[in-house]
Structure formats: C-alpha cells, structure tokens
**Student:** 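One structure coming up, written as structure tokens, with questions to follow.
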Amino acid sequence: MNNKIPFITPNLVEDLSKTGIYCITQKSTGRRYIGSTSVGFYQRWKRHLKELKRLKHHSLFLQRAWDKYGSEDFVFEIIETHEILTDKNNQGLLDLEQHYLNTFKPEFNVSPSAHNRKGVKASKETRIKISSARKRQAKRPCSEETKKKISESNKGKHCASIETRRKMSDAKKGLSVRAINTYFLTSPNGATITVNNLKEFCKENNLNYQNLFAVVRGTRKTSQGWKIIKIDN
C-alpha cells in the first residue's frame with residue numbers, strides 16, 4: 001500500500017472515550033474500513049464486533065473477510081480524534097471522514113459517501129445472496145484441516161481485551177483495579193458525548209466534578225447546564 005494512515009494507538013482508556021475517525025484494518029491484506037463515531041471509539045468498536053459476531057454487519061465485504069480469516073486478522077485503530085461538542089450536526093466530523101474516504105478509498109466501505117450512508121440499501125438480489133451465504137456458513141462446519149490451521153496460528157497468541165489491558169496498566173502504576181464507568185452527557189447546546197473518565201473530562205472542559213456527579217446521583221438536575229446519566233456496562 002502506498003498510502004499509510006497515521007494511526008494513533010489507544011494506550012489510555014481516555015482515548016477510547018473520545019470521538020473522531022477510526023479504521024478497521026485486515027492485517028494480512030491491508031484492506032480497510034474507515035468510519036466516524038460521535039459516541040466514543042470504544043462504544044463504536046463494540047457495536048462493530050456485535051454485528052460481525054451475529055453475521056449482520058452492514059458491510060458485506062467486511063463480513064465476508066471477517067468470516068473467512070477470523071477476528072485475529074483484524075485490528076481497530078484510531079486515525080484522528082475530533083471534538084464534537086461545538087460541531088453542529090457533526091458536520092465537521094463527517095467532512096473529516098469524507099476526506100479519509102476520498103484519500104484512501106477503503107475496500108470494505110459499502111458507500112463512498114460519509115454524509116448519506118442511510119440511503120445505501122442492498123438490492124433484493126444482493127439480500128438474497130447474503131441470506132443464502134449466511135445459511136451455508138451456519139450449516140458448514142470447519143474441516144479438521146481448517147481447525148488445525150486455526151489452532152496452530154493462535155498458539156502463543158493472547159489478545160487481551162480493552163478492560164484487561166486497562167487493569168494491567170493500572171496494576172503497573174500501583175492503582176487499584178476498578179470497573180470502567182460509562183457516562184452519557186448532554187451539553188447546554190444539546191450536543192451529546194459518551195465518556196469513561198468523568199474526572200478527566202471535567203478537568204479538560206472546566207466543569208465541577210462534584211456538582212456533575214451530584215447530577216448522576218440525582219441530587220441535582222443539571223450542572224452548568226450539563227445533564228448526565230450513568231450507563232450500566
């Protein structure tokens with residue numbers, strides 16, 4: 001591949017709570033899926049995984065590759081973070097995504113447009129093919145040779161989950177292991193954002209953490225015009 005995306009590896013949980021442009025890359029071929037998220041990278045990646053595991057991903061190209069080569073052949077990376085609090089209708093985020101779509105022409109994206117993905121619908125013929133392929137896949141077990149190859153390729157590999165990596169990081173720093181709390185916030189101008197580290201978010205945006213957490217407990221309705229709810233993981 002001549003073009004290379006400037007990947008930003010998410011080393012901190014705070015990175016995964018941010019919004020912006022991401023890429024799902026097939027390591028063996030370099031083929032890509034590029035997308036944007038206004039709900040946080042972590043939440044968006046979980047949704048992709050859920051759809052792929054259920055064989056219901058909107059990108060047939062990505063689904064086929066995932067089914068054929070397995071999850072170990074794919075990696076999720078952050079391309080660029082983008083602040084959406086002051087981004088009306090996420091227009092700037094979509095424009096940024098369109099820039100990367102135009103530049104890299106990712107093979108797994110169904111639509112070349114970041115602004116009109118809802119209008120992309122599979123034809124009746126395509127839907128029938130997808131349904132038939134899924135039925136065949138569900139009925140067709142892996143051969144012994146395929147199972148052996150998968151087993152051999154996975155030997156010595158261990159892909160820790162995001163939660164596990166966070167715990168390992170905290171342990172190295174001498175911090176106590178605690179669960180990730182996810183919060184859904186609404187700004188005074190109606191913009192929404194999902195965060196995992198509320199204290200850090202308050203520090204970056206000059207908000208009072210104690211007052212905002214009082215909104216979570218229900219003892220206050222808002223804090224500086226902000227509303228917040230805690231999402232059960």
**Student:** Does L55 reach the side chain of Q63, with side-chain heavy atoms less than 4.5 Å apart?
**Tutor:** yes
**Student:** Distance from E80 atom CD to I78 atom CD1, nearest 0.5 Å?
**Tutor:** 11.5 Å
**Student:** Should the pair H57 and H48 be assigned to parallel (<30°), tilted (30 to 60°) or perpendicular (>60°) ring geometry?
**Tutor:** parallel
**Student:** CD of E77 to CD1 of I21: how many Å apart, nearest 0.5 Å?
**Tutor:** 15.0 Å
**Student:** Is a side-chain donor or acceptor of D73 paired with a backbone partner of S28 at a separation under 3.5 angstrom?
**Tutor:** yes
**Student:** Of all heavy-atom pairs between K230 and V216, which one has the smallest distance, and what is that distance?
**Tutor:** CB-CG1, 4.0 Å
**Student:** So how far is it from I24 CD1 to R44 CZ, rounded to the nearest 0.5 Å?
**Tutor:** 7.5 Å
**Student:** Using only atom types and a distance under 3.5 Å, with no angle test, would you say the side chain of K68 pairs donor to acceptor with the backbone of A65?
**Tutor:** no
**Student:** Which atom names give the shortest non-hydrogen contact between S223 and N208, and what distance separates them?
**Tutor:** OG-O, 4.2 Å
**Student:** Give the minimum heavy-atom separation between V39 and T19, together with the two atoms involved.
**Tutor:** N-CG2, 4.0 Å
**Student:** Go through it in stages, so that I can follow the logic: the residues are S17 and Y42, the test is side-chain contact (heavy atoms from CB on, under 4.5 Å), and I'd like the CA-CA distance, side-chain angles, deciding distance and then a yes or no.
**Tutor:** CA-CA 6 Å; S17 69; Y42 179 67; over 6 Å; no
**Student:** Quick check: do T222 and N211 have side-chain heavy atoms less than 4.5 Å from each other?
**Tutor:** no
**Student:** Do W45 and Y22 have ring centres separated by under 6.0 Å?
**Tutor:** no
**Student:** Short question: side chain of E107, backbone of R31 - any donor-acceptor pair under 3.5 Å?
**Tutor:** no
**Student:** Got a donor-acceptor contact below 3.5 angstrom from the T25 side chain to the V75 backbone?
**Tutor:** no
**Student:** Considering only heavy atoms from C-beta outward, does the side chain of L212 approach that of R220 to under 4.5 Å?
**Tutor:** no
**Student:** Has K18 got a side-chain atom pairing as donor or acceptor with E83's backbone, closer than 3.5 angstrom?
**Tutor:** no
**Student:** Go through the steps to decide whether V110 and L60 satisfy the test side-chain contact (heavy atoms from CB on, under 4.5 Å), and finish with yes or no.
**Tutor:** CA-CA 8 Å; V110 176; L60 176 61; 6.0 Å; no
**Student:** Give the intermediate values and the outcome of side-chain contact (heavy atoms from CB on, under 4.5 Å) for residues W66 and F108.
**Tutor:** CA-CA 11 Å; W66 184 277; F108 292 137; over 6 Å; no
**Student:** Name the orientation class of the two ring planes belonging to F201 and W226 (parallel below 30°, tilted from 30 to 60°, perpendicular beyond 60°).
**Tutor:** perpendicular
**Student:** Rounded to the nearest 0.5 Å, how far apart are OG1 of T37 and CD of E97?
**Tutor:** 10.0 Å
**Student:** Please name the pair of heavy atoms, one in P188 and one in Q224, separated by the smallest distance, quoted to 0.1 Å.
**Tutor:** CG-O, 3.5 Å
**Student:** Ignoring hydrogens and angles, tell me if any N or O in the side chain of N109 forms a donor-acceptor pair with the backbone of S111 under 3.5 Å.
**Tutor:** no
**Student:** Working to the nearest 0.5 angstrom, can you tell me the gap between H82 NE2 and D95 CG?
**Tutor:** 8.5 Å
**Student:** Taking I34's backbone N and O only, do any of them form a donor-acceptor pair with R32's side chain (distance below 3.5 Å, no angle check)?
**Tutor:** no
**Student:** So, the side chain of Q98 versus the backbone of P112: is there a donor-acceptor pair under 3.5 Å, distance only?
**Tutor:** yes
**Student:** Can you measure from NE2 (H99) to CD1 (I79) and round to the nearest 0.5 angstrom?
**Tutor:** 9.5 Å
**Student:** Any side-chain heavy atom of S36 sitting closer than 4.5 Å to one from L96?
**Tutor:** no
**Student:** Please step through side-chain contact (heavy atoms from CB on, under 4.5 Å) for the pair F76 and F41, ending with a clear verdict.
**Tutor:** CA-CA 9 Å; F76 179 90; F41 294 109; 4.1 Å; yes
